[in-house]
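Here the structure is laid out as structure tokens; the discussion comes afterwards.
Atom set for the values below is all heavy atoms of this structure, side chains included, hydrogens, waters and symmetry mates excluded.
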Amino acid sequence: MTTSLLQPPLLTRLLAAERILIAGAGGGFDVYAGLPLALALRAAGREVHLANFSFSNLYGLGLDVWQAPDLARITPDTRSADAYFPERSLARWLREHQQPDTVWAFPSTGVQPLRDAYRALVELFDIDAILLVDGGTDILLRGDEAGLGTPEEDMASLAAVAGLTDVPTRLVACLGFGIDAHHGVNHALVLENLAALHRDGGYLGAFSLPADAPEAARYLDAVAHAREECPEHPSIVHGSVAAALRGEFGDVRFTERTGNSALFINPLMTLYFGVTVEALAARNLYLDRLEHTVLMRQIATAIAAFQDSLPHQRPPRAYPH
């Protein structure tokens with residue numbers, strides 16, 4: 001595929017598709033990282049569907065929401081006793097802004113049922129491109145780093161989509177560089193991994209979410225709306241990205257959830273980093289161990305066993321500049 005300096009390669013590949021699924025890889029509010037891209041692609045005439053690996057209690061929902069096993073259709077009117085429900089919050093925001101307002105949700109499962117749920121969506125809408133979005137960059141870790149962040153959900157999503165080889169375009173985009181330091185991720189190692197993906201031909205570059213773009217303004221509004229919907233559990237990731245988009249810097253306080261941790265809000269948090277699913281999966285050192293998992297706890301056990309088997313881990317590196 002021909003690329004141009006005038007357009008980031010990630011966007012070139014997405015614009016070549018007609019029906020795109022943008023899915024939050026790591027649970028929580030990850031799907032919000034894909035909202036600016038979804039809005040821009042819809043404005044460019046593409047059909048875009050939104051989904052998310054959910055932390056909410058989906059199994060408590062009514063039978064009418066289930067399109068397939070482990071695939072729930074969440075709308076603004078979906079009833080749930082769970083106050084923490086990012087998918088419904090986003091659906092409500094989408095309706096308020098006259099956008100298609102279904103957000104698909106995957107319950108917390110292992111790779112096999114998750115892949116089946118993805119496949120059901122692919123077949124339902126004849127999807128020709130999948131974009132996994134990660135709030136933060138821990139999905140880019142290969143497994144031998146001293147700190148992996150919160151890998152279980154990211155790796156379930158990556159493994160599930162890596163197995164959907166009949167989908168022509170499968171990509172990953174990360175928004176919020178530096179945020180995962182809160183979970184022990186060393187970002188010099190993230191950059192080393194991106195360099196390796198670059199050598200493999202799987203790195204699709206980086207580009208900034210422009211602060212004056214209409215998609216950025218809508219993203220900020222959606223993040224504020226989510227905070228109002230769930231004031232007791234605001235997103236640290238998107239609170240950080242939103243602060244960076246507003247031009248704030250340093251130890252910006254926007255939630256008590258960060259405790260006494262010193263934040264470092266900065267413009268790099270507004271960058272999207274793009275890679276291919278194929279290259280990222282090939283670089284991961286333990287993804288094959290997750291292939292036959294059915295339950296999330298099996299994934300956690302497999303990752304812990306892999307790390308215990310390592311003779312040594314890559315130690316954190318100081319960023320030299």
At what distance, to the nearest 0.5 angstrom, does [atom1] of [X] lie from [atom2] of [Y]?
X: Ile303; Y: Leu285; atom1: CD1; atom2: CG; answer: 12.0 Å
X: Phe249; Y: Ile265; atom1: CZ; atom2: CD1; answer: 10.0 Å
X: Leu164; Y: Tyr118; atom1: CG; atom2: OH; answer: 8.5 Å
X: Asp180; Y: Thr150; atom1: CG; atom2: OG1; answer: 6.5 Å
X: Leu35; Y: Leu90; atom1: CG; atom2: CG; answer: 6.0 Å
X: Leu11; Y: Leu37; atom1: CG; atom2: CG; answer: 6.5 Å

Inset, instruction - List the steps, then state whether side chain to side chain contact (heavy atoms under 4.5 Å, CB included) holds for Leu197 with Leu280. - result: CA-CA 7 Å; Leu197 290 165; Leu280 186 59; 4.0 Å; yes

Closer than 3.5 angstrom, by distance alone: can the side chain of [X] be matched with the main-chain N or O of [Y] as a donor-acceptor pair?
X: Ser235; Y: His238; value: yes
X: Ser157; Y: Ala25; value: yes
X: Asn284; Y: Ala282; value: no
X: Asn186; Y: Leu189; value: yes
X: Asp134; Y: Cys174; value: no

Inset, instruction - Please test Val185 against Leu141 for side chain to side chain contact (heavy atoms under 4.5 Å, CB included), starting from the C-alpha separation and ending with a verdict. - result: CA-CA 9 Å; Val185 171; Leu141 300 179; 4.0 Å; yes

Inset, instruction - Could you tell me if the ring centre of Phe106 sits under 6.0 Å from that of Phe53? - result: no

Among pairs that include at least one residue of [range], which meet salt bridge (Lys or Arg N to Asp or Glu O under 4.0 Å), considering only residues two or more places apart or in two chains?
range: residues 156-179; answer: Arg170-Glu278
range: residues 237-246; answer: Arg246-Glu248
range: residues 151-164; answer: none

Shared hydrophobic cluster for [X] and [Y] (ILVMFWY, side-chain gaps under 4.5 Å):
X: Leu58; Y: Phe55; value: no
X: Val172; Y: Val167; value: yes
X: Leu114; Y: Ile74; value: no
X: Leu61; Y: Leu121; value: no
X: Leu287; Y: Leu310; value: yes

Hey, does [Y] have a side-chain heavy atom less than 4.5 Å from the side chain of [X]?
X: Thr75; Y: Val65; answer: no
X: Val133; Y: Leu175; answer: no
X: Trp104; Y: Phe125; answer: yes
X: Leu14; Y: Leu10; answer: yes
X: Val275; Y: Leu171; answer: no
X: Leu158; Y: Leu290; answer: no
X: Tyr219; Y: Leu39; answer: no
X: Leu21; Y: Leu131; answer: no

Considering all heavy atoms of both residues, which atom of [X] and which atom of [Y] are nearest to each other, and what is their separation?
X: Ala33; Y: Pro36; result: O-CD, 3.8 Å
X: Leu263; Y: Val252; result: CD1-O, 3.3 Å
X: Pro69; Y: Ala117; result: O-CB, 4.2 Å
X: Ala162; Y: Val277; result: CA-CG1, 3.7 Å
X: Arg88; Y: Ser80; result: NH1-N, 3.5 Å
X: Ser240; Y: Ile179; result: CB-CD1, 3.7 Å

Inset, instruction - Would you sort out whether Gln307 and Leu148 count as a side chain to side chain contact (heavy atoms under 4.5 Å, CB included), showing the intermediate values? - result: CA-CA 10 Å; Gln307 284 230 303; Leu148 297 185; 3.6 Å; yes

Could you give the side-chain donor-acceptor pairs of residues 94-103 under 3.5 Å, partners two or more places apart or in another chain?
residue	atom	partner	partner atom	Å
Arg95	NE	Asp101	OD2	2.9
Arg95	NH1	Asp77	OD1	3.3
Arg95	NH1	Asp77	OD2	3.3
Arg95	NH2	Asp77	OD2	3.3
His97	NE2	Trp93	NE1	3.0
His97	NE2	Asp221	OD2	3.1
Gln98	NE2	Glu96	O	3.0
Gln99	OE1	Arg42	NH1	3.0
Thr102	OG1	Arg73	NH2	3.2

Legend entry - Pairs where residues 151-181 contributes a residue and the test ring pair (Phe, Tyr, Trp, His ring centres under 6.0 Å) is met, not counting sequence neighbours: Phe177-His187, Phe177-Phe273

Inset, instruction - Only pairs at least two apart or in different chains count here, so list each ring pair (Phe, Tyr, Trp, His ring centres under 6.0 Å) that has a residue in residues 68-88. - result: Phe29-Tyr84, Tyr84-His233

Which pairs count as side chain to side chain donor-acceptor pair (under 3.5 Å) when at least one residue sits in [range], sequence neighbours excluded?
range: residues 288-303; answer: Gln112-Glu291, Arg115-Glu291
range: residues 6-23; answer: Gln7-Thr12, Arg19-Asp126
range: residues 188-202; answer: Glu145-Asn193, Glu192-Arg314, Glu192-Arg317, Asn193-Arg314, Asp200-Arg283
range: residues 55-69; answer: Tyr59-Asp70

Legend entry - With Arg46 via side chain to side chain donor-acceptor pair (under 3.5 Å) - residues at least two apart: none

Legend entry - For Thr270, side chain to side chain donor-acceptor pair (under 3.5 Å) partners two or more places apart: Ser208

Legend entry - Short side-chain donor-acceptor distance under 3.5 Å, Glu87 and Asn52: yes

Inset, instruction - Check Leu124, Ile127, Ile20, Ile22 against His49 for a side chain to side chain contact (heavy atoms under 4.5 Å, CB included) and give me the one that passes. - result: Ile127

